[in-house]
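The shown structure was predicted, so the numbers you read here are calculated from the model rather than taken from an experiment.
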Amino acid sequence: ETVLTVHYPMPGFFKDVMDTISKKFMEENPGIKITFANPSATYEEGIQTIMRQAGTAEMPDITFIGLNRLRMVNERDIPVDLGPFIAKDGNMAEQGFSENILKLAQVNGKQVGLAFATSNPIMYYNADLVRKAGGNPENPPKTWDEVIALGGKIKALGDGVEGIDFRWQGDDWMFSALLFGAGGRMLNEDETKVAFNGPEGRKAIEVLDRMVKEGGLPVLTKQAGEQAFVAGKVGFAFQTTGALRNTIKNVGGKFDLRTAHIPLIDTVNGKLPTGGNAVVILTRDAEKQEAAWKFAKFAAGPYGASVVVPGTGYVPNNELAAKSPEYLANFYKENPLFQAGLEQMPRMIPWYAFPGTNGVKVTQAIVENLSRVVEQSATPEEALDDAAAEVESLLPRS
Amino acid sequence: MTAHRISLGRVLRFTLLSLGALIFLAPYIFMISTAGKAQSEIFSSSLSLIPEQWSYVENFTKALSRVSMTTLLLNGVIVCALIFTVQVLVAVPCAYAMAKLKFRAARFMMVLVMLGLLVPIHATALPLYVAFDRLAVLNSYTALVAPFSISVFGIFLFLQFFRAIPDDLIHAARLDGMSEAGIVARVVVPNAWPAITAFAIFSVVAHWNDLFWPLVVVTNQDYATPPLGLLYFRAAEAGDDYGALMAATLIITLPLIAAFLIAQKRFVEGITMTGLKG
Amino acid sequence: MSILSLHNITKSFGGNAILKGVSLEADEGEFIALVGPSGCGKSTLLRIVAGLDHADGGEIVIGGGEISSVAAADRNVAMVFQSYALYPHLTAGQNIAVPLAMRRLTVAQRLPFIGNLLPGQRQIRADIQRQVKEMAASLKIDHLLDRKPGQMSGGQRQRVALARAMVRHPSVFLMDEPLSNLDANLRVHARGEIVELHRRAGVPTLYVTHDQSEALSMADRVAVMIGGTLLQLASPQEIYDDPAHIEVARFLGQPRINVMETRMDASGTVRFGALTLAADGVSSSETPVLIGVRPEFVRLGARADGILRARIERTEFLGSEVIVHARLDAIGEAIVAKVGPAEAATLVAGMPVSVDIEPDRAMLFAVTGERLRAKTVNVASVREKARG
Amino acid sequence: MSILSLHNITKSFGGNAILKGVSLEADEGEFIALVGPSGCGKSTLLRIVAGLDHADGGEIVIGGGEISSVAAADRNVAMVFQSYALYPHLTAGQNIAVPLAMRRLTVAQRLPFIGNLLPGQRQIRADIQRQVKEMAASLKIDHLLDRKPGQMSGGQRQRVALARAMVRHPSVFLMDEPLSNLDANLRVHARGEIVELHRRAGVPTLYVTHDQSEALSMADRVAVMIGGTLLQLASPQEIYDDPAHIEVARFLGQPRINVMETRMDASGTVRFGALTLAADGVSSSETPVLIGVRPEFVRLGARADGILRARIERTEFLGSEVIVHARLDAIGEAIVAKVGPAEAATLVAGMPVSVDIEPDRAMLFAVTGERLRAKTVNVASVREKARG
Amino acid sequence: MPILAADRREGRIAWLLAAPAIALLFLFILLPTLAVVVLGFTDFELGFGSFRFVGFENYAELIGDRTFRRSLWNTAVYTAIVTPVSIVLALAIAMLIEAETRARTFFRTVYFLPVASLLVAMATVWQFLFHPTIGPINAFLAEFGIAGPNWLGASGTVLYGLSIIGIWQSVGFNMVLFLAGLTAIPRDLYSAAEVDGARSWFDRFRLVTWPMLGPTTLFVTTISIINSVKVFETVKTLTEGGPNKASEVLLFTIYQEGFVYLRVGYASAMTVIFLAILVVLMFLQYRVLDRKVHYA
Ligand SMILES: Nc1ncnc2c1ncn2[C@@H]1O[C@H](COP(=O)(O)OP(=O)(O)OP(=O)(O)O)[C@@H](O)[C@H]1O
Ligand SMILES: Nc1ncnc2c1ncn2[C@@H]1O[C@H](COP(=O)(O)OP(=O)(O)OP(=O)(O)O)[C@@H](O)[C@H]1O
Ligand SMILES: [Mg+2]
Ligand SMILES: [Mg+2]
């Protein structure tokens, strides 16, 4: 019997999912036993744990790593290259792993993991407030201009009601949503120069600035924003589909919660970043690797997706799962709130990870400059230029 | 006339204290209230402390079933008890030597103790982690307990206390034929209970609530301590399950409050006698 | 044969010489009181004998053996402390049993639970219990055996401390102001008890006190230590009546001895008031000397016609006697007399009086403090002169 | 006119009556010593007078006004505490200045920095400084003014405490065992100083002590309090020679008064040894009474041929006198005599002696303790009888 | 000679008794600290096996590090708020409790409760209390017509918000120490003060309580400063140093560098500076104040 130790982050979110998947997996694979290591509270802490444990006896066999951190982990040569396994299998597409989906967990062409739970940014809105402000909830705004205008009206309702909550804090994901949605990119093709301060970037950050100025976007911490929204005090919330299940639970019957596509600045070429995580194999033991590969495919496969999606709000990362009535087809029919994310799937591209050792710091630099815009302590141009300069200095010199 | 003034002062004092107590208790009031609310009820625009639909059972059930509370609490007790015992066993003889024996290194020890007070575990966590890994003792009670086996605070506190023990008592014990170790065990410790109680509160509170170190050295859930259990109710990306989180927090906080209530009289007495105040 | 003998003990703390060569012998069954002002080194000496401190030099011989390098626990010396130093967490009975248990039981036998299972310890414990009971009975504290020190009065604690020290039949008994924490009445009562106990046990005892009446009333011999030096070691009577040093004379006696400065001529004759004293040692020239007279030997006459005259400043009524403070007209010095209440009734503040000193009661001291042997050779009787 | 008068002061703590109606008057310049055993309520009474505690009932009149409801700070009463209660963070000079500063400067003027800028305070401060200096000079502590209490000896602290109390010319002066923390010699010396100081200041003083010789020697009148009741308030002489209650007699006198039980016949006659006493009050039947004789009035005869015979148990040498403990053959009770050293030389332990009591010196008390006035009517002289 | 032997025996026993403590002290405090100092001179990064010595490069970088300077400043501000306020509050509460005869146990427990609580969990409660729109604090302020600030969200107020939590958390600890200090003041001194004319509560406080609490206050101040400088949990759970570094504090910055950016060498250098600051602070404090508060 092979025993696999599995480590995962955010147990509040993933515990039930992991328990269900591993139970089913062990039923199907009697020779393999799954045990769980102590989970980590966040993706960041998960990575720290893995980094510390890399190469030690404590290192788990399998872990789940945020998509934007794969590059950093790979630089430290921690994940096992899955290329050979894929080659050996030969029929990944048949199992629902399209090329597009495999790409989400590739770094410089190396397959470091399999995307497990993926998300994209969507628009949540409070239909009651929209209605009150004169909007039509059945026909939600399609462009940022419309969002900002309606947000302003909602804010004007008073009583502590805010127009928009945009989750700009923590990391650069939602900025990416604006930037990619405008058709922009973070760095240039060969990753030597900053590219987000181009015209697309300017449009993106101006949208943020206008949300603050006209759309009723207050300065809130991430948690405060979520709480205000579920309390019915915010008109629009822009954040990951991953939060959908929890949002539904938190809202309960307090108001009419709806979801819709996130507006794109460039409706033609606009893309959206992919959030979520990938299952990564760490064990260097060949026998365990075999078992781990089985588990990775199982977790990232259609069954896994059919567990993850309803439980969280993530979008399926497996094409079989989404389409097959065996898995999720019926679910989407019955739960229209989940559809926005699903429909945006074609626009998903990898969440960009910066090269070099300062990768994480770069995202912090961007977030800090965003906060200056939100606090209106800098003009969008200043903030964008500062961010560009700072990021530039943090990129590897070569 | 005096009687009147006194009662007025008392009313004022009592009112002030009660108001302050209310403010200090406010977070707990919200905690208890939240622990009884359904998830959809927790965040709403109207403030109400009393849950509309009582979900205590539900939240507490979740808190108890989602994680193995008994294991967590048991680990907490084991780890805190081990840490406390070892700390006392190590600190008491040392403090005794510093306070009551001709010990030339006492001054040097004092400097070490002061230094030790300043170094947070956050600073030394990494070297310790590496060392523990090399020794293959991660994921064990040893790893959880060892770094705290030496409590400079304990040495400091006992030192203050022992200085106040009359020399004559030690002398009498020597004349009665006790060895120095015998004196520590038979005379000093039995009379140091107030100090030991005071120290127990500090030590247990600190280590029962410690999240940082267990997170570093424990990956095996069999050794998880209570704060690690709280992680299961947190989902940074998507908002926490507050009702269950609060219920779980209540469960792991209650034993401490009970312990404090039991020990609190001796606690203040102990601090008074340790001269910790100065 | 002397059981305890100290030879030339010296000790300094950080450069301060506290004991400057103290020698002392105590015979079997002897009770020696060690008195001296606060800070003169009494406790230090006791602690050195007990082995709680170590002398810088000198020898300590107990029962014939030199024990300077023997640990306190292994000298068979018992000590009673001023604070009693009872173990607060043990009952009186347990307190008394400690020195026995420590000596008779092995380390293993003393362990809390395991100890009870070891062979032999039952028997020894029972034995100890019996001895504790006996000791307690002889000190009349049997009813206290189950109480802790905190539940006892000062006097009771003092007795328990005594019992703890006595129970193991030490070869030397040390007491450091064992009565000073008791109130006056209890103190007087306890004196008798300790003397009685000592008489029964017959163990040589070194008893430190700074209460002179304790020293005088209890001891066989009194050692007066001042500034780290033993100035005199003699019987109470001798110490009081025939002090070898002015400091000894000053230290003992309540109220204090009157000391006045005067001069001795080259022939060794001293004249003071109506007295003429002849000193033994004859100096080559006139030298200043001190004359000491105890207050009870100063007579005040209401007629104020003596050679020495004084004016009464105030009187202190003490019940059975009265202390009269007067100031000598001639030299302006204060002089104190102790008189009976009847006599005192005639003396009021401000009144001029004549001062007489009882013949043979004046003592002569060199200015350095040493006693000068002297004899009264003449008392000029003023009254006679006045008549004549 | 009496400056301080207390009428029927009562006080209980949690149901325990501590003061059971104490009344007392102090005249201008009078020094009253309040003595009594520990716990009898002396400190409580003082604290009530000072306003630190509040009586349950009764009146306190100072200088003609009832002040029960006046706060301590506003009564012009000064107090010296046993612990001296000096402010450890202030120098002696600052300590002495406190009561003046508190009274003369406003709250604002006393503030650390701002105060210095306020008008008028310079002048007042200078004034206070002058007064402090004067006070210090008169107590000879000028050289200590810059030291903190921690750097002073017990005696010096005590004087600073006195200075702090005196400096503001209080209308009543309270002292709670101000000398009990001093060593014997210092204590005797300080007594004189306090009396002198009191004489100069002329402020009525209530002085608590449990040292009887302090009380007797210092006070104009002595108040003996036992169990919350004032048993007697009289001059030292009267208190000692003519106690109104057996407890008063027992409390004063060192060694304690001899008290023996005997019987009074229906005619009011009491026979004890060679004495026959006639009591004033005549009871209807034979009643037990107590007879008290101070040790100095007990005469021991070596011939052992008196009516009362005793055997000497032990003698206590005290220098100028000797305490002889004997046991009466007839009733087995102990009797204590105080004799001179010369006389004592003839008395050794174990010796049988005859006991005589000085006529007119025996006192009679009812078993409840009250004094029974009595007169010696007859002394059977054994010697005469023997001769005759 | 025998004297020396006896003294040496006592010294040996002292060493024996202290040996476990000394050994553990070296093992778990000194050696790791030394390791941190050594790491401060390397470019060690978590996850990379090897590292090289870079001399003072890390320290040179620190000088120019805006974040580090910011976090130094923020820590100083936080400490400057939390330490005095929590001491004054604690003293006031301790005095009130000491004077109050009823419900002492209750009050003592209530005020001590925050010390005994898991800060990470309580932080989430505070986050809700501080919520700018639906939080009770601002709702309460609104009752009085005050527009509550955006406590943890705005860079202008975030430090104050965190300070309030810090004060709430540390008052109980200080209070207990003050309670102990108060019980040790001789009652006679208050009596003397009253008789000396200290009429008001304030006079007695200035004349007796405050000076007599000197040693306690010094100790409490020391502990408070150490604890405030070590603020971490609230920042980590509530603000992550934001917005725009407005709540970056030393330990958080060190954590961020070491564990998130994984630059252990650099973080170690920061730690060394952090420890040096603490040591200097404590040294100065004891040098300047110790003599002032001990009167004996
Ligand atoms: N451990 C010590 N270190 C330094 N000095 C000491 C020590 N022990 C005693 N001394 C000093 O030695 C001197 C003598 O002290 P000791 O206790 O023997 O006096 P004492 O005669 O017993 O006085 P007392 O009657 O007050 O008890 C004192 O001046 C004291 O300060
Ligand atoms: N605050 C108090 N609460 C309860 N009982 C008290 C209080 N103060 C004093 N007592 C009790 O009142 C009695 C008298 O106390 P007080 O201090 O007046 O005695 P004292 O005569 O001064 O004794 P001492 O000579 O020992 O100083 C004692 O039994 C004491 O226990
Ligand atoms: Mg001594
Ligand atoms: Mg008293």
Side-chain angles (χ1 to χ4, degrees), chain B residues 13-14 16-17 20-21 24-28 30-31 43 45 47 90-91 93-94 96-98 101-104 109 112 114 116-120 122-124 126-128 146-147 149-150 155 180 184 205 209 211 227 230 240 245 249 252-253 256-257 260-261 264 267-268 271-272 276-278, chain E residues 7 10-11 13-14 17-18 20-21 24-25 28-29 32-33 35-36 93 96-97 99-100 105 107-118 120-122 124-126 128-129 134 136 139 168 176-177 179-181 183-184 215-216 218-219 226 230 232 251 255 258 264 271 275 278-279 282:
Chain B
R13 196 162 61 211
F14 202 80
L16 269 177
L17 275 175
F24 269 69
L25 278 180
Y28 298 93
F30 278 93
M31 186 161 102
F43 300 107
S45 47
L47 281 174
V90 170
C94 176
Y96 171 75
M98 288 169 73
L101 296 180
K102 291 197 188 78
F103 186 25
R104 257 175 298 158
M109 280 296 291
L112 281 190
M114 280 302 175
L117 274 179
L118 299 179
V119 180
H122 306 77
T124 52
L126 204 75
L128 284 177
S149 57
I150 176 74
I155 294 179
E180 296 301 322
V184 174
V205 160
N209 287 334
L211 174 64
L230 289 188
D240 304 341
L245 176 65
T249 307
I252 72 165
T253 310
L256 270 195
I257 295 172
F260 179 73
L261 272 177
Q264 63 115 4
F267 177 53
V268 175
I271 296 173
T272 314
L276 189 65
K277 58 212 193 302
Chain E
D7 268 357
E10 194 168 330
I13 294 168
L17 289 174
L24 292 173
L25 206 68
F28 292 119
I29 293 175
T33 309
V36 169
I93 292 169
L96 285 175
I97 291 183
E100 181 56 61
T105 309
F107 286 127
R108 229 164 19 192
T109 311
V110 164
Y111 289 107
F112 189 78
L113 212 53
V115 183
S117 301
L118 183 53
V120 187
M122 293 319 289
T124 59
V125 180
W126 274 103
F128 175 62
L129 294 179
I134 58 171
W168 173 81
V176 170
L177 295 179
L179 272 177
T183 17
T216 310
L218 177 66
F219 182 73
I226 293 179
K230 286 193 205 164
F232 174 73
L251 265 188
Y255 173 87
V264 175
T271 311
L275 287 180
L278 274 184
V279 169
M282 291 306 111

Largest heavy-atom contact set with chain E, pairs under 4.5 Å, which of [options]:
{"options": "B/Ile150, B/Val119, B/Thr124, B/Val184", "value": "B/Ile150"}
{"options": "B/Pro227, B/Ala123, B/Cys94", "value": "B/Cys94"}
{"options": "B/Ala26, B/Ala91, B/Ser149, B/Gly116", "value": "B/Ser149"}

In terms of heavy-atom pairs under 4.5 Å with chain B, which of [options] leads?
{"options": "E/Ile226, E/Val176, E/Val115", "value": "E/Val176"}
{"options": "E/Ile13, E/Ile93, E/Thr33, E/Thr105", "value": "E/Thr105"}
{"options": "E/Ala139, E/Ala35, E/Pro114", "value": "E/Pro114"}

Contacting region of [X] [heavy-atom separation from chain E under 4.5 Å]:
{"X": "B/Met98", "answer": "neither"}
{"X": "B/Leu126", "answer": "side chain"}
{"X": "B/Leu118", "answer": "both"}

Passing option when E/Leu118 is tested against B/Leu256, B/Ile252, B/Val205 for side chain to side chain contact (heavy atoms under 4.5 Å, CB included):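 The single option meeting the side chain to side chain contact (heavy atoms under 4.5 Å, CB included) with E/Leu118 is B/Ile252.
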
4.5 Å side-chain heavy-atom contact, [X] and [Y]:
{"X": "E/Phe128", "Y": "E/Val125", "answer": "no"}
{"X": "E/Thr183", "Y": "E/Leu179", "answer": "no"}
{"X": "B/Phe24", "Y": "E/Leu113", "answer": "no"}
{"X": "E/Met122", "Y": "B/Met31", "answer": "yes"}

Is [X] close to chain B through its backbone or its side chain, or both, or neither, when contacts mean heavy atoms under 4.5 Å?
{"X": "E/Leu275", "value": "side chain"}
{"X": "E/Trp168", "value": "both"}
{"X": "E/Leu278", "value": "both"}
{"X": "E/Leu25", "value": "both"}

Test of ring centre spacing under 6.0 Å for E/Phe107 and B/Phe14: yes

Test side-chain hydrogen bond (donor to acceptor under 3.5 Å, both in side chains) applied to E/Thr271 - qualifying residues, sequence neighbours left out: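 So E/Thr271 forms no side-chain hydrogen bond (donor to acceptor under 3.5 Å, both in side chains) with any residue.
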
Residues in side-chain hydrogen bond (donor to acceptor under 3.5 Å, both in side chains) with E/Tyr111, at least two apart?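 Counting only residues at least two positions away or on another chain, E/Tyr111 forms no side-chain hydrogen bond (donor to acceptor under 3.5 Å, both in side chains).
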
Between B/Thr253 and B/Tyr28, do the side chains contain an N or O donor and an N or O acceptor separated by less than 3.5 Å? no

